[in-house]
There are 2 protein chains.
Amino acid sequence: MELSERKKKILQIVVDDYIDTAMPVSSKTITQKYMQNVSSATIRAELSALEELGYLTQLHTSSGRVPSPEAYKLYVSDLMVKEKLTKKELDYIKDIFLKKADNIESVFKNAVKVISELTDYTSIGVSPSIKEDRLREIRFFRFKPDKALVLIVTDQKLLKDNFIDVPEEMNTEQLDEASAFINKLFVSKTFQEICSMEVDFDESFSGYKTIFVNVIEALKTYFSAREDVAVEGQDKMLRHADYLDVDKIKDFLSVVTSKDKIIDVLTEDNKGIKINVKIGSNGYEKLPKDSSLVSATYTANGKEIGTYGVIGPSRMDYQKVVAVLENVGRIIESILTER
Amino acid sequence: MELSERKKKILQIVVDDYIDTAMPVSSKTITQKYMQNVSSATIRAELSALEELGYLTQLHTSSGRVPSPEAYKLYVSDLMVKEKLTKKELDYIKDIFLKKADNIESVFKNAVKVISELTDYTSIGVSPSIKEDRLREIRFFRFKPDKALVLIVTDQKLLKDNFIDVPEEMNTEQLDEASAFINKLFVSKTFQEICSMEVDFDESFSGYKTIFVNVIEALKTYFSAREDVAVEGQDKMLRHADYLDVDKIKDFLSVVTSKDKIIDVLTEDNKGIKINVKIGSNGYEKLPKDSSLVSATYTANGKEIGTYGVIGPSRMDYQKVVAVLENVGRIIESILTER
DNA sequence: TGTTAGCACTTTAAGGGTGAGAGTGCTAAT
DNA sequence: ATTAGCACTCTCACCCTTAAAGTGCTAACA
């Protein structure tokens, strides 16, 4: 059912005021601060209707109204007035990424940092899955008699190092040969394909079997240990006057300090969606109760470059948060796309 | 002044009981649970004396006694009965490090993790400074026409990658030449020495100036971004019944989520000391009030391999914590030393 | 001289009662 | 459809009281 214009306006006012003051909003407050042309009784009727519709709740019979998760969702998608970042903030973002945009890792880490700084909330990020990445080259670099570093280069400019054991009796030429063999086999395949490949060692290559197995092992490690997670400002929820009791803090931290939970909540259903809002409540247990996650997945050149989110009280400054997420995304995307 | 044996015993009892129950310890508790052969009045006199000496405090006139920071220090150094880890715990530790001991990074991260898991407190770690590390080799690895990966290998088996810009017109031979030049200059010097070097470019090498500057830059970045910090279980203090009010939690988190503060508190004066106990109080502000840090610096082959600590309430299970720190240290040291 | 029983004193914590204040829902009038 | 008015509900702050816990002190004792 579609809300009347006035109901929308009132709902917006309630959410705005509640975000601002952290106090339940009463009919009196609304008429005094925002709508002097109607009486509080009229507002009361409207509030009552909005409560009926599931957008508002009361803590007790004689308290004002507080937005429900539904209200926040509607607020972000429909009601909220979009905020613009100041020039100073925009310049700050650009500055950060222009300085250090040479590898994806640092862009990723910086993004999480900047988002947290500008919003003053805890921010989290998950780097893109590498399942789809295609291998460009594998190179060995002998490090000790029985150890080699393997460099894994993909089409996504990603790169990671990993040590493997190499038989001591293998000389440099043999190592090169092994490398050529492995590259021939793997190059331009995705990680997924590589990991599920079955390779028959015919006689001529059986000597490489050890190293081959080790490389596969390294790739698998790299592959599974993937999904880098970054968190910034875990303690920032404490600044925001919600989270006064210890249980809430416990809840919040248990999510924000767990790599697995962060991945879970960020990668759930974000694909392709620009700005995504989730609100923790009895219906959605992955987030702490009364906490919200606003997230976005950025892409460049048609490839995902990470999912980023802000997590904090449901009573969150969505205007700011959405503005920051959108702008950081836009800037990163433009920087990474242009070349 | 030296405490009488009985005072020591009583102090030990108070600390033990307080750690166990989190309740101020009364004279009655002591006579009933621990010393049936004396009356509570006698204990009261002793407690009063111990308070006079600064080892005990009272929350108010009619509460039992609580240990002071002094008491905890004495407890750890003198009074506490040392605990032995179970075989299961020892095997667990060994297992972790035998599996993944091939590079220092992973040993470092695992140590922090294991310590937190076995103690059930937040653990922190700082990797050793690399100021003293000697360079073994620098190698370039062309990655894109204008980018190269530089591998930095030190005598500590450390290794790190970093991208630098390389002039596009430089061909492979020239890159190799530059590499040889730079290696000749830098190899077997410490990072400290390298960073403070002044190099005159005579005519023949002026072509490498760009790349040279970039390498120095990379070394400096690597050098300064060093001191890896790891934290595990930031939220574990919430399990331990201290930290009931939000301000304490705030205090705790502000330390534990700040890389700088962790480095500060862990590297302060740990050199060469085996087990170090610090207690946050009005006299020592670097730690949250009523929180303790127990730390140790491990070495292998005469080189530091990191400082690790457990941070939690002053009312901490020191027996367990010290046992874990000592054993993890012993195991790591033996594994890293043997080869 | 060290130990102990006994008692007065202090402080906290929990429970209960009260009144003011805030806000609502309902009703009847406009 | 809107509004004034009013009864009703709930919370919160405050105060009072009481029970319980634990101490310090004193006087007696071995």
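Lettering of chains follows the sequences in order, A, B, ..., and the numbering in each one begins at 1.
Atom NZ in A/K28 sits roughly 14 Å away from atom P in D/dA4 (whole-Å rounding). C/dT11 atom P lies 10 Å from atom NE2 of B/H60, rounded to whole Å. Put simply, CD on B/E46 is 15 Å from P on D/dC25, counting in whole angstrom units. Put simply, CD on A/E51 is 7 Å from P on C/dG25, counting in whole angstrom units. Counting to the nearest Å, the P atom of C/dA13 and the CG atom of B/L244 are 13 Å from each other. Here the P atom of nucleotide C/dG21 and the CE atom of A/M23 are 15 Å apart, to the nearest Å. One can place CG of B/N37 at 13 Å from C1' of C/dT4, the figure rounded to the nearest angstrom. Distance CD1 (B/I43) to P (D/dA21): 20 Å, rounded to an integer number of Å.
Nearest nucleotide to the side chain of B/R6, out of D/dG22, C/dT24, C/dT3: C/dT3. Distances were taken from every side-chain heavy atom of A/A41 (C-beta onward) to each of D/dT3, D/dG22, C/dT11; the shortest belongs to D/dT3. Closest contact between the side chain of B/S48 and the listed nucleotides D/dT23, D/dG24, C/dT24 involves D/dG24. Among the nucleotides C/dT24, C/dT4, D/dT3, the one closest to the side chain of B/V38 is C/dT4.
Mapping B/L59 and A/Q58 onto DNA chain C by nearest heavy atom places B/L59 closer to the 5' end of the strand. With DNA chain C read from its 5' end, the first of the two nearest nucleotides for B/T61 and A/G64 is the one closest to B/T61.
Salt-bridge check for B/D242 with B/K248: failed, with every basic side-chain N at 4.0 Å or more from each acidic carboxylate O. Between A/K33 and A/D17 there is a salt bridge, since a side-chain N of the basic residue sits under 4.0 Å from a carboxylate O of the acidic one.
Considering only side-chain N and O atoms, B/S39 lies nowhere under 4.0 angstrom from the phosphate OP1 or OP2 of C/dT3. Taking side-chain N and O atoms only, A/R65 has a distance below 4.0 Å to OP1 or OP2 of C/dT24.
A donor and an acceptor atom sit less than 3.5 Å apart, one in the side chain of A/R44 and one in the base of D/dG5. Side chain B/S62 to base C/dT11: a donor-acceptor pair is found below 3.5 Å.
Note on A/S40: nothing from the nucleic acid sits closer than 4.0 angstrom, heavy atoms only.
One side chain, A/S291 or A/Y243, offers a donor N or O that lies under 3.5 Å from an acceptor on the other.
Between B/D245 atom CG and A/L244 atom CG the span is 11.0 Å, to the nearest 0.5 Å.
A parallel orientation is assigned to the rings of B/Y121 and B/H240, their planes being inclined by less than 30° (bins at 30° and 60°).
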